[in-house]
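We count ligands from 1, going down the list as the structure has it; atoms in each ligand are counted the same way.
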Amino acid sequence: MKRKWDRSEEQFFGIGVYQPKTNHNIGTLWRSALILGAQYIFIIDGKYVGQTSDTLKTWSKIPFYKYDDFDHFYNSLPHSTQVVGLEMSDNSTPIRNFVHPFRASYLLGAENNGLPEKVIERCHHLVQLPGEHSLNVAVSGSIMMYDRIAKMG
Ligand SMILES: C[S@@+](CC[C@H](N)C(=O)[O-])C[C@H]1O[C@@H](n2cnc3c(N)ncnc32)[C@H](O)[C@@H]1O
């Protein structure tokens, strides 16, 4: 049977943080996520109860998932969805060369420690933003989401 929709409609993404530390940062990321079109947000092994920096109360508009650990997150991934880790690493693809998967869960690391090696090893993709120093976690996530929009529409 002929498909009745365009391939570009077979896409969605979510974004989240592993072991988040600062509620203010996470609230800022959620606000960007909602504005830039994320379909869900999540945290892994962390606490978040709401923050004034999330002026839109994103958790009330799209699903906010809370996973106990990385395995819980990984085993709960939506069907056919790939994990895109953001981290400065020798194995990371520079963002300018990165082709976003149609269905993606973007994963950021904690403000103090970043993504641990055991998590990095399980990401389907690892992407690095420009610069020699690490960016703020909310800023990093926002740049990534903008890049997706710019490349995929
Ligand atoms: C403040 S950084 C963590 C810095 C941590 N002290 C370290 O050295 O690993 C928090 C998160 O933002 C993201 N991030 C920051 N700068 C990045 C960059 N240049 N490329 C990709 N991700 C970045 C990563 O997900 C990182 O785990």
Side-chain angles (χ1 to χ4, degrees), residues 11-59 62-78 80-153:
Q11 57 172 292
F12 56 79
F13 74 93
I15 191 163
V17 186
Y18 181 82
Q19 297 181 333
K21 295 288 175 305
T22 317
N23 277 343
H24 186 82
N25 280 336
I26 306 309
T28 303
L29 178 65
W30 290 170
R31 178 181 175 181
S32 297
L34 184 66
I35 293 169
L36 298 177
Q39 277 87 1
Y40 59 95
I41 51 175
F42 62 90
I43 54 174
I44 305 174
D45 187 12
K47 290 190 175 61
Y48 179 81
V49 288
Q51 227 285 332
T52 50
S53 58
D54 181 13
T55 50
L56 300 173
K57 292 209 282 186
T58 300
W59 50 266
I62 56 175
F64 173 25
Y65 300 109
K66 299 171 184 178
Y67 302 107
D68 297 334
D69 52 33
F70 186 81
D71 280 335
H72 184 199
F73 159 71
Y74 199 85
N75 295 331
S76 308
L77 278 171
S80 177
T81 299
Q82 299 185 358
V83 181
V84 180
L86 275 84
E87 201 53 80
M88 299 174 85
S89 156
D90 291 344
N91 299 324
S92 295
T93 303
I95 193 169
R96 67 176 171 277
N97 301 333
F98 185 61
V99 178
H100 295 259
F102 272 77
R103 293 164 292 280
S105 270
Y106 295 101
L107 179 60
L108 294 139
E111 295 90 324
N112 53 351
N113 294 324
L115 290 175
E117 204 51 45
K118 63 178 184 183
V119 166
I120 285 179
E121 283 168 6
R122 297 182 64 190
C123 292
H124 297 102
H125 308 273
L126 203 58
V127 179
Q128 180 168 312
L129 306 174
E132 304 215 335
H133 302 281
S134 66
L135 295 150
N136 171 276
V137 64
V139 170
S140 303
S142 302
I143 292 172
M144 193 68 178
M145 290 185 280
Y146 174 74
D147 189 71
R148 182 183 174 95
I149 293 172
K151 289 174 179 167
M152 298 178 78

Handout entry: Under-4.0 Å heavy-atom contact between protein and atom 8 (O) of ligand 1
Key = no
Completion exercise
Leu115 heavy atoms within 4.0 Å reach ligand 1 at atoms 27 (O)
Fill in the blank from the handout: The protein heavy atom nearest to atom 5 (C) of ligand 1 is Asn112 O, 3.5 Å
Handout entry: Atom indices of ligand 1 within 4.0 angstrom of Asn113 heavy atoms, with elements
Key = 9 (O)
Exercise for the section: Give the residue and atom name of whichever protein heavy atom lies nearest to atom 1 (C) of ligand 1, and the separation in Å to one decimal. Expected result: Leu135 O, 3.4 Å
Practice task
Hey, could you give me the OH/CG distance between Tyr74 and Leu107, rounded to the nearest 0.5 Å?
Solution key: 11.5 Å
Problem - Per-atom contacts of ligand 1 with Ser140, taking only distances under 4.0 Å to non-hydrogen atoms - result: 12 (O), 13 (C), 14 (N), 15 (C), 16 (N), 17 (C), 23 (C)
Completion exercise
Here the gap from His100 atom NE2 to Gln82 atom CD, rounded to the nearest 0.5 Å, amounts to 12.5 Å
Exercise for the section: Name the closest protein heavy atom to atom 24 (C) of ligand 1, giving the residue it belongs to and the distance to 0.1 Å. Expected result: Leu86 O, 3.1 Å
Exercise for the section: List every atom of ligand 1 that sits less than 4.0 Å from any heavy atom of Ala110, numbering the atoms from 1 in the order shown and giving each element. Expected result: 3 (C), 10 (C)
Completion exercise
Within 4.0 Å of some non-hydrogen atom of Gln128, the atoms of ligand 1 are 20 (N), 21 (C)
Problem - Pro130, any N or O under 3.5 Å of ligand 1 N or O - result: no
Exercise for the section: Tell me yes or no: between the side chains of Gln19 and Asn113, is some donor less than 3.5 Å from an acceptor? Expected result: no
Exercise for the section: Find all atoms of ligand 1 within a distance of less than 4.0 Å from any non-hydrogen atom belonging to Val127, and give their numbers and elements. Expected result: 21 (C)
Completion exercise
Restricting to heavy atoms, the pick from Glu87, Met88, Glu111, Gln19 nearest atom 19 (N) of ligand 1 would be Met88
Handout entry: atom 4 (C) of ligand 1: the protein heavy-atom neighbour that sits closest, reported with distance to 0.1 Å
Key = Ser134 OG, 3.5 Å
Handout entry: Thr28 side-chain N/O to Ser53 backbone N/O, donor-acceptor pair under 3.5 Å
Key = no
Exercise for the section: Give the residue and atom name of whichever protein heavy atom lies nearest to atom 11 (C) of ligand 1, and the separation in Å to one decimal. Expected result: Gly109 O, 3.5 Å
Practice task
Quick one: pull up OG in Ser76 and CZ in Phe42 and give me the separation to the nearest 0.5 Å.
Solution key: 11.0 Å
Practice task
Looking only at distances, please establish whether an N/O atom of ligand 1 is found under 3.5 Å from an N/O atom of Val137.
Solution key: no
Practice task
Of the side chain and backbone of Ser92, name the one, both, or neither that has a heavy atom under 4.0 Å from an atom of ligand 1.
Solution key: neither
Exercise for the section: Any chance you could measure Ser32, atom OG, to Ile41, atom CD1, to the nearest 0.5 Å? Expected result: 11.5 Å
Handout entry: Enclosure of Arg148 CZ (heavy-atom neighbours >12, cutoff 6.0 Å)
Key = yes
Problem - Value rounded to 0.5 Å, distance of CD1 in Ile26 from CG in Asp54 - result: 11.0 Å
Completion exercise
Heavy-atom proximity to atom 20 (N) of ligand 1 ranks first, among Ile143, Leu129, Ile120, for Leu129
Problem - Exceeds 12 heavy-atom contacts within 6.0 angstrom, atom NZ of Lys57 - result: no
Practice task
Could you tell me how the ring of Phe64 sits relative to the ring of Tyr48: parallel (under 30°), tilted (30 to 60°) or perpendicular (over 60°)?
Solution key: perpendicular
Problem - Within 6.0 Å of NZ in Lys21, more than 12 heavy atoms from elsewhere - result: yes
